[in-house]
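Working notes, beginning with the structure itself.
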Amino acid sequence: MSQNPTKHTKVLIIGSGPAGYTAAIYAARAMLKPILVHGMESGGQLTTTTDVENFPGFAEVIQGPWLMEQMRDQAKAVGTEMIEDHIASVNLKSKPFEAFGDGGQKYTADSIIISTGAQARWLNIKSEQKFRGFGVSACATCDGFFFKDKTVAVVGGGNAAVEEAMFLTKFASKVQLIHRRDALRAEKLLQKKLMENKKIEIIWDSVVEEVIGNEDPKNVRGLKIKNVKTNDIKELKIDGLFIAIGHDPATELFKDQLNMDKEGYLLTKPDSTETNIPGVFAAGDVKDKIFRQAVTAAGMGCMSALEAEKFLSSKN
């Protein structure tokens, strides 16, 4: 295999999505000639989202994949070099920093912006994946609005599940929270609020076996759930299913090099995107488990590029 020469850049951006693309736009406009390395599916979680109604600047509904194409083209137009590669390892102890693609390409960088994002955990049953985006969602704040006066179910038992269930009561006429155990993991205060909400019904000791829906138009109309104690199967009539069993940040690459919380999210300084290594920045869902919105990820992408620029100029 022929070894490509090492690629050096002042700013290496690992990952795409709103955070990576916005970082690239700002870094390129600052004449830093950034290199952005993205995987096979560039654009992040928004490429699996259809209707986007909450990104500022668009009065009409826009499509997630289109928004990501626009951001990518904008980053390219102002001078970002885009490379499709999978970063297999990084060395953040060396100066300049080093990153290695799985095909053997070596990258060196004076600063790194990490925007590798996170993935929602799914139940991974075939019917769930089939109706993903057609009534099955992992984001109530994104999609709750589409279920006005309808019945929806939420799967999960932690804070996120309880918060999603409560949020959905603003729109849905009824919310069923399905949990595989007989007690929730969520904070007591949240549980109390949940129990007091008349619109929410909790279905204990149960797991989703199958999502039932129509083919044309494609939509969800029910669920088969199984009681894990009795093995009884029952059907629920619902119009939407929200999966709230957590997210996994894509931070495996940085284990033992960067500070993370117990869930693997990268930790940054307050009001900053800087990690515990000066010159290494983190933006978007890779460090944010609270807001998880395209607009906040883009905002952090902007911050990371401005901070990288400041870091580089103070170094010279």
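From a predicted model like this one, the values you see are computed outputs, not experimental measurements. Only this structure's heavy atoms are used, side chains among them; waters, hydrogens and symmetry mates stay out.
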Side chains of residues 22-29: which donor-acceptor partners sit under 3.5 Å, not counting sequence neighbours?
from, atom 1, to, atom 2, distance (Å)
T22, OG1, P18, O, 2.6

Between the main-chain N or O of [Y] and the side-chain N or O of [X], is there a donor-acceptor pair closer than 3.5 Å?
| X | Y | value |
| --- | --- | --- |
| N214 | D216 | no |
| N91 | E98 | no |
| T296 | Q293 | yes |
| T116 | A250 | yes |
| T275 | F281 | no |
| N276 | N259 | yes |
| E128 | L123 | yes |

Less than 4.0 Å between a side-chain N and a carboxylate O, is that true for [Y] and [X]?
| X | Y | answer |
| --- | --- | --- |
| K33 | E81 | no |
| D248 | R121 | yes |
| K10 | D110 | no |
| K224 | E209 | no |
| K218 | E215 | no |

Can you give me the closest heavy-atom contact between [X] and [Y], atom names plus distance?
| X | Y | answer |
| --- | --- | --- |
| V228 | R180 | CG2-O, 3.6 Å |
| T251 | G264 | OG1-O, 2.6 Å |
| F167 | T141 | CE2-CA, 3.6 Å |

Check the pair E307 / T273 against side chain to side chain donor-acceptor pair (under 3.5 Å), numbers first and verdict last. CA-CA 8 Å; E307 288 189 287; T273 63; 2.6 Å; yes

Starting from I178, can I reach I202 by hopping between I/L/V/M/F/W/Y residues whose side chains sit under 4.5 Å apart?
no

Quick check for you: to the nearest 0.5 Å, what is the distance between S272 atom OG and M303 atom CE?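 So the gap between those two atoms works out to 6.5 Å.
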
dist L184:CG -> K188:NZ (nearest 0.5 Å) comes out at 8.5 Å

*asked:* What I want to check is whether the side chains of E84 and S42 have a donor and an acceptor closer together than 3.5 Å.
replied: no

(message) Can you see whether T268 engages K287 through a side-chain donor-acceptor pair at a distance of less than 3.5 angstrom?
(response)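 Yes, a side-chain donor-acceptor pair sits under 3.5 Å.
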
Evaluate whether atom NE2 of H8 has more than 12 neighbouring non-hydrogen atoms of other residues, nucleotides or ligands under 6.0 angstrom away.
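For H8, atom NE2 is crowded (more than 12 foreign heavy atoms under 6.0 Å).
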
Item to complete: Tell me whether the centres of the aromatic rings in F147 and F242 are closer together than 6.0 Å.
Response: yes

* Asked: Can you check whether R72 reaches T80 side chain to side chain, under 4.5 Å on heavy atoms?
  ->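 When only atoms from C-beta onward are counted, T80 and R72 do not touch, as no gap falls below 4.5 Å.
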
Query - Derivation of the side chain to side chain donor-acceptor pair (under 3.5 Å) call for Y107 and D85 - result: CA-CA 11 Å; Y107 305 88; D85 194 358; 2.7 Å; yes

